[in-house]
Amino acid sequence: MCGITGWASFHHDARTQAPVIEAMTATLTRRGPDAGGIWLGERAAIGHRRLAVIDIEGGAQPMTDRPHEPSLVLSYSGEVYNHHELRSQLRHLGHHFSSRSDTEVVLRAYAEWGEDVAEHLEGMFAFALWDEREQRLVLVRDRLGVKPLFWAAVGGGLAFGSEPKALFAHPEIRPRVDADGLREAYSLLFNTGPTVWAGVREVEPGGILVLDRDGISERRYWQLEAGPHGDDRQATVARVHDLVSAAARSRLEADVPLCSLLSGGLDSTVLTALLADELRLRGGPDARIRSYAVDYSDQASRFTGDVLRTGHDTPYATEAGAFIGTDHSTVVLDPRALLDPEHRKAVVVARDSPIGVGDMDTSLYLLFGEIRRHSTVALSGEAADEVFGGYPWFHNPRALAARTFPWLLVTGDEAAMPLNPELDLRIGEFRDDTYRSALAAVPHLDGESPAEHRQREMQHLSLTRWLGQLLHRKDRLSMAQGLEVRVPYCDHRLVEYAFTTPWALKSFDGREKSLLRAAGTGLAPESVLWRPKNHYPATHHPDYNRGLQDMARDALATEQVRALADETRIKPCLDTPPDRLEWGHRLRLERVVDLALWLDHHQPELAL
């Protein structure tokens, strides 16, 4: 796992721009604390920061196909889990290798298959390859968009980076926000492509972007497709078990310590059990995997259910860890740690965005920091809800009937920071237009029932939009601590199979995630198998709410925040007694605080 950056331009000689590529690369040091390097050619400059995970000694980057006068230069982030199979295949085709790294496999695979290389790769990755022979820059992103990749136009070409902050170190790219950017950020629609930053875009998940002398072209090498499903229930459950098991096994390779995130929910417990079983097969019956959960100092005595949370996680996580036989730890955080201005700032700087979820972001950042003291790689149950239909909107008749993005019925305007009405952003119209475009992209099967049709829409929206913002959150906050997080439920073969599975099979026991529950029988305690869906925990401590209100008041004292925020709709949240502040209103205050931190750090030009 690493950070990549650079640019290609047909107007300037990059060989004279060493300070620029060095500055861009330095912004990503937290993503790659172990090593860094740059490469300069006439038309391209490539930078890399490395978090060493596989082949510690042999995977230095940027990597070239030969030491002198290279024709291919690669800066790569992520993990390709089938690199052993590809290495063997490429050797048969005449390629030679000097390292054990998956990076070199990607480099040689491009030499063999060109832009079609992406279709051969299994895993999470984002990389840039400069082809000196063809004078071509190729940017590639994994199918689900687990690893980020941003780009922006510069004179005669484009610049790219794992995070927007790398782009802003280029002299031609400034942090600028216009009305379109505010709509993207605060509409909560999670479009792929556009960002809050004017002129800065993401390479699409499953996408390839190519720059050559003819200009910029983009295409998708992978996207969700509807297809027939021929398996009965028993065969489907068995296939899901096999796919999840294979995904878990493939993600265990590392030359550094690894662990599992174990919340006590169905997704993380099944995954951790499979990982533990595989490690015992490899290392003997005494081999144990470390597992981690997060909690708050007030949860045991003050837990209060809300629209997203049905129970206290820690007892379930502890039970699951004992059942599986993990070396389990719970990281307990108090209000002071969550309110610490340096922690809050670090989170906003990592995100490059004003949109987050407050204490849930800060606690995840702190959890990752504690994990990094012992492990360099963590495995997470992220994406199981999107793959298997775990969210309330898959099961709620009101959500199914709504003509908007289903999560807006949960988050909606109550949880969004209200923007100054004088900005006239017309977010309602933007949401309606975007929703129609999103539905038009959903594939369907001829002859499927209206109910099946609607469930396929819900899953497509969840996988292509909602999941994206969760993956961004996990990537940014983990990499800010130098921790690699792998997500087996994002294995594209599992996602493809689940997407073609009829809804009746996904909900055959009358509950959410029926298939994963059935596939996980025997891997988790019964209490966890049948536990209702529970979202990431939030603190309920009045001291936290009181401190948050104070921080929001300070934020509103700044001129730029007042120009963007609707004070009349925020004031009631400030006047509510701390012990009665509802989750949605508290999240409004979180967004005000984050907005102030974001404006202060990035100093964006506001072109509104």
Side-chain angles (χ1 to χ4, degrees), residues 141 144-145 148-152 164 176-207 209 218-220 222-226 351-357 385-386 391-394 396 398-421 423-444 453-473 499 564 566 584 587 591 595 607-608:
R141 193 173 179 201
L144 274 295
L149 185 52
F150 297 87
W151 67 278
R176 181 174 178 272
V177 178
D178 57 19
D180 288 338
L182 286 183
R183 274 190 287 269
E184 289 293 343
Y186 286 101
S187 63
L188 305 180
L189 307 187
F190 314 119
N191 282 315
T192 58
T195 72
V196 64
W197 303 105
V200 176
R201 296 183 61 83
E202 286 188 85
V203 176
E204 296 272 4
L209 183 149
E218 295 182 82
R219 68 177 177 89
R220 298 287 291 273
W222 183 89
Q223 56 191 340
L224 289 167
E225 296 180 357
R351 284 200 321 254
D352 285 327
S353 168
I355 293 297
V357 283
D385 287 302
E386 290 80 3
Y391 290 117
W393 53 74
F394 288 100
N396 187 315
R398 176 170 168 259
L400 291 168
R403 297 292 94 187
T404 190
F405 294 96
W407 49 86
L408 294 179
L409 302 180
V410 178
T411 57
D413 291 331
E414 287 301 301
M417 191 202 70
L419 295 172
N420 190 331
L423 295 173
D424 193 25
L425 294 177
R426 301 180 181 178
I427 283 181
E429 294 177 27
F430 180 69
R431 283 174 171 169
D432 291 343
D433 291 344
T434 305
Y435 183 68
R436 285 190 290 270
S437 298
L439 290 190
V442 180
H444 290 288
H453 184 97
R454 182 57 174 158
Q455 288 291 355
R456 197 181 300 279
E457 290 177 339
M458 296 296 246
Q459 188 171 23
H460 195 274
L461 294 173
S462 299
L463 284 166
T464 60
R465 290 173 174 272
W466 180 258
L467 178 60
Q469 53 95 19
L470 296 179
L471 293 175
H472 265 307
R473 173 177 179 253
F499 190 69
L564 295 176
D566 185 352
L587 189 51
R591 297 202 194 281
L595 174 63
L608 306 175

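Source: prediction; values computed, not measured. All values below were derived from every heavy atom in this structure, side-chain atoms included, with hydrogens, water molecules and symmetry-related copies excluded.
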Keeping [X] on the side-chain end and [Y] on the backbone end, is there a donor-acceptor pair under 3.5 Å?
| X | Y | result |
| --- | --- | --- |
| Arg454 | Leu400 | yes |
| Gln459 | Glu386 | yes |
| Arg431 | Ser187 | yes |
| Glu202 | Pro148 | no |
| Arg591 | Gly356 | yes |
| Arg220 | Pro205 | yes |
| Trp393 | Leu409 | no |
| Trp197 | Asp352 | yes |

Search all heavy atoms of [X] against all heavy atoms of [Y] and return the closest pair with its distance.
| X | Y | value |
| --- | --- | --- |
| Glu457 | Leu439 | CD-CD2, 3.8 Å |
| Met458 | Ala399 | CE-O, 3.6 Å |
| Gly145 | Leu471 | O-CD1, 4.0 Å |

Hey, could you give me the [atom1]/[atom2] distance between [X] and [Y], rounded to the nearest 0.5 Å?
| X | Y | atom1 | atom2 | result |
| --- | --- | --- | --- | --- |
| Leu461 | Leu189 | CG | CG | 10.5 Å |
| Thr195 | Asp180 | OG1 | CG | 10.5 Å |
| Leu608 | Asp178 | CG | CG | 7.5 Å |
| Glu204 | Asn191 | CD | CG | 9.0 Å |
| Leu144 | Leu224 | CG | CG | 7.5 Å |
| Leu149 | Leu209 | CG | CG | 8.5 Å |

Are any non-hydrogen side-chain atoms of [X] and [Y] less than 4.5 angstrom apart?
| X | Y | value |
| --- | --- | --- |
| Thr464 | Val442 | no |
| Val196 | Glu184 | no |
| His472 | Ile355 | no |
| His460 | Pro443 | yes |

| message | Is it the case that over 12 heavy atoms from other parts of the model lie below 6.0 angstrom from the CZ atom of Arg398? | response | no
| query | Can you check side-chain contact (heavy atoms from CB on, under 4.5 Å) on Tyr186 and Leu423, steps first, answer last? | reply | CA-CA 13 Å; Tyr186 286 101; Leu423 295 173; over 6 Å; no
| Knowing that exactly one of Tyr435, Phe190, Trp466 qualifies, which makes a ring-ring contact (aromatic ring centres under 6.0 Å, His included) with Phe405? | Tyr435
| field | By salt bridge (Lys or Arg N to Asp or Glu O under 4.0 Å) - contacts of Arg473 (at least two apart) | value | Asp361
